[in-house]
Amino acid sequence: MTDSEKSKDFIRTIIDEDIRTDKYQGRIVTRFPPEPNAYLHIGHAKAFCINYGIAEEYGGQYNLRFDDTNPLKEETEFVEAIKDDIRWLGFDWKEHEYYASDYFEQLYDFAMTLIKNGRAYVDDLSADDIRSYRGTPGEPGRNSPFRDRSIDENLDLLARMRSGEYEDGARVLRAKIDMSHPNLVMRDPTIYRIRHAAHHRTDNDWCIYPMYDFTHCLSDSIEGITHSLCSMEFENNRVLYDWFLDELKVYHPQQIEFARGNVAYTITSKRKLRKLIEEGHISAWNDPRMPTLTAMKRRGYPPEAIRSFWKEVGVAKKHNLIDFALLEFHIREKLNRTSPRVMGVINPLKIVIDNYPDDQVDELEAVNNPEDETMGSRKVPFSKELYIERDDFMEDPPKKFYRLAPGREVRLRYAYFVTCTDVIKDPVTGEVTELRCTYDPETRGGDAPDGRKVKSTLHWVSANHALKAEVRLFDRLFNDPNPDDEAFIDHLNPDSLKVVNPAYIEPSVANAPAGFRCQFERLGYFCVDTEDSKPDALVFNRTVTLRDTWAKMQNKG
RNA sequence: UCCGAGGUCGUUCAAUGGUAGGACACUGGAUUUUGAUUCCAGGUAUCUAGGUUCGAAUCCUAGCCUCGGAGCCA
């Protein structure tokens with residue numbers, strides 16, 4: 001099925017209908033409204049892939065708007081990080097970069113209008129009292145004793161709140177709606193609170209700040225948003241979104257909610273993510289095991305894979321827990337087509353080719369990417385002493401084991417057929433320390449002129465030519481597919497990071513720049529770390545393993 | 001308890017009164033100088049109970065289950 005034949009999700013169905021009825025005169029304008037108080041994670045990517053993806057598809061416009069109404073939590077550092085991450089995913093919001101704080105003056109005017117219309121009042125109740133007056137689900141609240149102040153008094157009080165006359169928490173401005181409304185959001189919600197705090201953009205211009213519900217709908221309205229797409233947690237707030245816009249008789253976008261995407265084995269709560277860092281379970285926001293976009297970038301995930309992943313997941317209103325394997329599938333699919341192949345040995349076992357001349361070095365031709373011949377080939381050095389992967393040898397192999405064993409012949413990729421003739425062990429521990437082999441000079445390049453076959457092909461490096469590098473093997477951060485509960489620390493995977501140093505890598509990657517991606521043949525996709533790698537001390541991150549049918553067979557016993 | 005939303009293969013998204021389909025995952029097979037990739041084949045699903053209808057995942061009624069909501073957070 002092609003994209004054009006593919007059925008539309010419920011959001012696109014609504015938009016199609018809006019276009020058909022000319023609801024917005026052909027305009028499509030969406031927005032992504034992050035609060036600049038943390039790094040973006042995989043779940044945010046779904047939100048802006050939907051908002052921005054739809055705008056792109058319909059030839060509309062998309063805005064980036066920072067929802068910066070709480071000076072206590074927001075920082076410029078996060079603004080920059082968020083912009084970097086969205087750009088990394090390939091979206092360009094052009095000149096449409098906005099800040100809710102840019103609208104503070106207009107918002108204040110709207111608040112005064114509400115008061116003048118008898119729809120808002122200044123309340124002197126404490127936060128605790130407001131809570132207890134609010135009632136509970138199923139039980140109506142009670143009106144504040146300050147609810148019926150005169151318009152003039154309310155106007156005067158609000159002006160004095162703004163001028164800094166009162167302490168934090170002394171008063172708030174509330175919408176006057178219905179204290180017995182079945183939806184708690186409608187029980188006279190707070191729209192302004194006093195905060196004597198410097199704001200990352202407006203500095204000390206203000207000491208009162210508008211609340212989300214008031215700010216968000218009006219910001220959407222000011223920007224001419226057509227479809228305000230957000231997650232289901234705002235469903236209860238939609239009546240209030242509509243209420244403000246209707247009361248103020250301003251342009252009215254429509255809010256549409258969809259289910260956020262939850263990826264198995266990850267958590268996305270900002271608070272919990274912060275705790276992982278504070279307690280030292282991971283190193284930083286960009287620790288490659290984190291579900292943040294900055295971490296995925298560092299880990300080597302291609303941005304196109306994240307986009308195609310969310311595109312394939314689609315959008316609905318159902319609670320979900322998406323299989324991590326689907327994300328990995330998209331990562332591999334992209335990387336398979338684009339990554340040059342390299343040979344690297346992570347868990348080395350030395351082999352000595354007895355019949356190979358002592359000081360001879362052979363330069364062998366290796367294909368860079370069998371999926372893309374335009375990527376060409378390279379030379380890899382072969383010599384008497386090599387490393388192969390320890391897992392590729394078994395002294396006493398089971399039936400299905402195709403790799404090297406005593407007396408068995410295998411192919412060294414792009415090199416020669418070799419046969420294991422002897423196994424050298426540590427006399428004390430019994431551990432295999434070295435293999436003696438012979439090679440067949442007639443098989444240079446990997447094919448036997450007599451047509452004989454081998455069961456397997458191994459990767460290898462020349463011991464004297466290989467680069468020593470650090471390799472970081474990442475696995476999932478949590479053991480539990482749904483670790484997002486209060487005991488999430490207990491679900492941490494103790495084996496989420498294994499550092500190998502040294503690993504041995506073929507010399508062709510000696511000058512690989514930070515961020516360079518490649519496939520270590522038969523092992524997985526790796527990239528040069530952007531934080532810790534140095535030209536003379538390379539550090540590779542494992543992005544994702546290759547599919548491994550053999551490992552799967554073994555795990556089943 | 002009240003308000004709101006949602007229940008379709010293992011997972012996710014379709015099917016909007018007319019053969020329950022795709023992708024991932026899984027299983028089997030073919031090809032393979034990566035046990036990769038690629039290709040082929042296969043199995044598994046409509047929350048429950050009634051009703052309307054020639055025909056129901058879809059419409060109606062009643063129930064069950066899950067999630068969200070009582071910030072001066074977003």
Side-chain angles (χ1 to χ4, degrees), chain A residues 1 6-9 13 33-35 37 67 69-70 72-73 123 125-127 130-132 134-141 168-174 181-187 189-195 208-209 211-213 215-216 230-239 257 259 261 264 270 309 312-330 332-333 336-337 341 343 366-367 370-371 400-403 411-415 417 443 445-447 453-459 481 519-524 545-553:
Chain A
M1 215 191 284
K6 205 169 177 179
S7 59
K8 303 249 178 171
D9 56 66
T13 303
E35 183 187 17
N37 70 344
D67 228 323
T69 58
N70 187 350
L72 266 24
K73 292 164 61 177
D123 197 347
L125 247 28
S126 68
I130 286 179
R131 191 181 320 119
S132 60
R134 183 153 33 227
T136 58
E139 250 177 309
D168 286 5
R171 295 180 216 268
V172 292
L173 182 70
R174 292 227 258 167
H181 196 109
N183 183 343
L184 290 295
V185 161
M186 295 295 271
R187 318 244 262 226
T190 302
I191 60 187
Y192 267 95
R193 76 285 216 195
I194 301 171
R195 284 256 214 277
I208 58 172
Y209 292 92
M211 298 288 288
Y212 166 85
D213 286 306
T215 306
H216 196 260
C230 63
S231 50
M232 303 268 295
E233 61 207 281
F234 295 103
E235 216 159 21
N236 292 306
N237 302 56
R238 191 178 62 240
V239 277
E257 310 86 13
K270 291 172 184 174
F309 164 71
E312 187 174 337
V313 165
V315 51
K317 301 185 75 161
K318 188 167 51 164
H319 304 287
N320 58 66
L321 188 61
I322 300 151
D323 201 338
F324 196 80
L326 185 60
L327 213 208
E328 292 193 324
F329 170 80
H330 284 270
R332 291 190 185 108
E333 185 179 60
N336 177 47
R337 298 194 308 266
R341 313 289 130 121
M343 290 196 285
V367 172
E371 305 293 318
K400 288 285 180 62
F401 185 87
Y402 302 151
R403 284 111 95 145
R411 176 190 294 111
L412 295 183
R413 187 141 161 97
Y414 300 124
F417 285 13
T443 59
D447 279 310
K453 301 291 181 196
V454 288
K455 286 285 258 187
S456 81
T457 301
L458 310 185
H459 63 277
Q519 182 196 107
F520 288 174
E521 293 219 28
R522 303 208 304 135
L523 295 178
T545 60
L546 255 28
R547 280 188 58 207
D548 190 345
T549 309
W550 170 241
K552 207 176 289 169
M553 285 165 64

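Per chain, numbering begins at 1; letters A, B, ... match sequence-line order.
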Quiz item: If you look at every strand shown and take non-hydrogen atoms under 4.0 Å, does Leu326(A) touch a base, only sugar-phosphate, or nothing?
Solution: sugar-phosphate
Exercise. Select base, sugar-phosphate, or nothing to describe what Arg195(A) touches, counting heavy atoms under 4.0 Å on all strands.
Key: sugar-phosphate
Quiz item: At under 4.0 Å between heavy atoms, what does Asn236(A) touch on the DNA or RNA strands: base, sugar-phosphate, or nothing?
Solution: base
Quiz item: Which label fits G71(B), syn or anti, where anti is any glycosidic angle not within 90° of 0?
Solution: syn
Quiz item: Hey, does Leu321(A) reach any base, or is it just sugar-phosphate, or nothing, if we go heavy atoms under 4.0 Å?
Solution: sugar-phosphate
Quiz item: Base, sugar-phosphate alone, or nothing: which one does Asn37(A) contact when heavy atoms must sit under 4.0 Å apart?
Solution: nothing
Quiz item: Base, sugar-phosphate alone, or nothing: which one does Arg411(A) contact when heavy atoms must sit under 4.0 Å apart?
Solution: base
Quiz item: Under a 3.5 Å cutoff on both atom distances, Watson-Crick or G-U, what's the dot-bracket for RNA chain B ([ ] crossing, | other strand)?
Solution: .((((((..((((....[..)))).(((((.......)))))....(((((..]....))))))))))).....
Exercise. For Thr69(A), report the nucleic acid contact type (base, sugar-phosphate, nothing); a contact means any heavy atom under 4.0 Å.
Key: sugar-phosphate
Quiz item: Using a cut-off of 4.0 Å on non-hydrogen atoms, how would the nucleic acid contact of Asp168(A) be classed: base, sugar-phosphate, or nothing?
Solution: nothing
Quiz item: Lys400(A) near the nucleic acid: base, sugar-phosphate alone, or nothing, with a heavy-atom cut-off under 4.0 Å?
Solution: base
Practice problem: Have a look at Leu125(A) and say if it touches a base, only the backbone sugar-phosphate, or nothing, with a 4.0 Å heavy-atom cut-off. | Solution: base
Exercise. For C40(B) versus G55(B), give the span between their C1' atoms, rounded off to a whole number of Å.
Key: 36 Å
Quiz item: Is the number of heavy atoms from other residues, nucleotides or ligands within 6.0 Å of NZ (Lys455(A)) greater than 12?
Solution: no
Self-check item: Polar side-chain contact Gln519(A)-U34(B) base: donor and acceptor under 3.5 Å
Solution: yes
Exercise. Verify, without hydrogens or angle tests, whether Asn236(A) (side chain) and Asn183(A) (backbone) share a donor-acceptor contact under 3.5 angstrom.
Key: no
Exercise. For Tyr414(A), answer base if it contacts any base atom (sugar-phosphate contacts may also be present), sugar-phosphate if it contacts only those atoms, and nothing otherwise; contact means non-hydrogen atoms under 4.0 Å.
Key: base
Quiz prompt | Distance-only donor-acceptor test (3.5 Å): side chain Arg403(A), base G35(B) | solution = yes
Self-check item: Reference residue His459(A); test side chain to side chain donor-acceptor pair (under 3.5 Å); the match among Arg413(A), Glu521(A), Arg522(A)
Solution: Arg522(A)
Exercise. Check Arg403(A) against Ser456(A) and note the closest heavy-atom contact, atom names and distance.
Key: CA-OG, 3.4 Å
Quiz item: What nucleic acid atoms does Val313(A) come within less than 4.0 Å of, heavy atoms only: base, sugar-phosphate, or nothing?
Solution: sugar-phosphate
Self-check item: Reported CD-to-CZ distance for the pair Glu371(A) and Arg341(A), which is rounded to 0.5 angstrom
Solution: 6.0 Å
Quiz item: Do Arg171(A) side-chain atoms and Ile194(A) backbone N/O form a donor-acceptor pair below 3.5 Å?
Solution: no
Quiz item: Are OP1 or OP2 of G68(B) and a side-chain N or O of Arg238(A) less than 4.0 angstrom apart?
Solution: no
Quiz item: Which atom names give the shortest non-hydrogen contact between Glu257(A) and Lys317(A), and what distance separates them?
Solution: O-CE, 3.7 Å
Exercise. Output yes if the stacking criterion (under 5.5 Å between centres, under 30° between planes) is met for Trp550(A) over the base of G35(B), else no.
Key: yes
Quiz item: Can you tell me how far P in A25(B) sits from the matching atom in A62(B), rounded to whole Å?
Solution: 43 Å
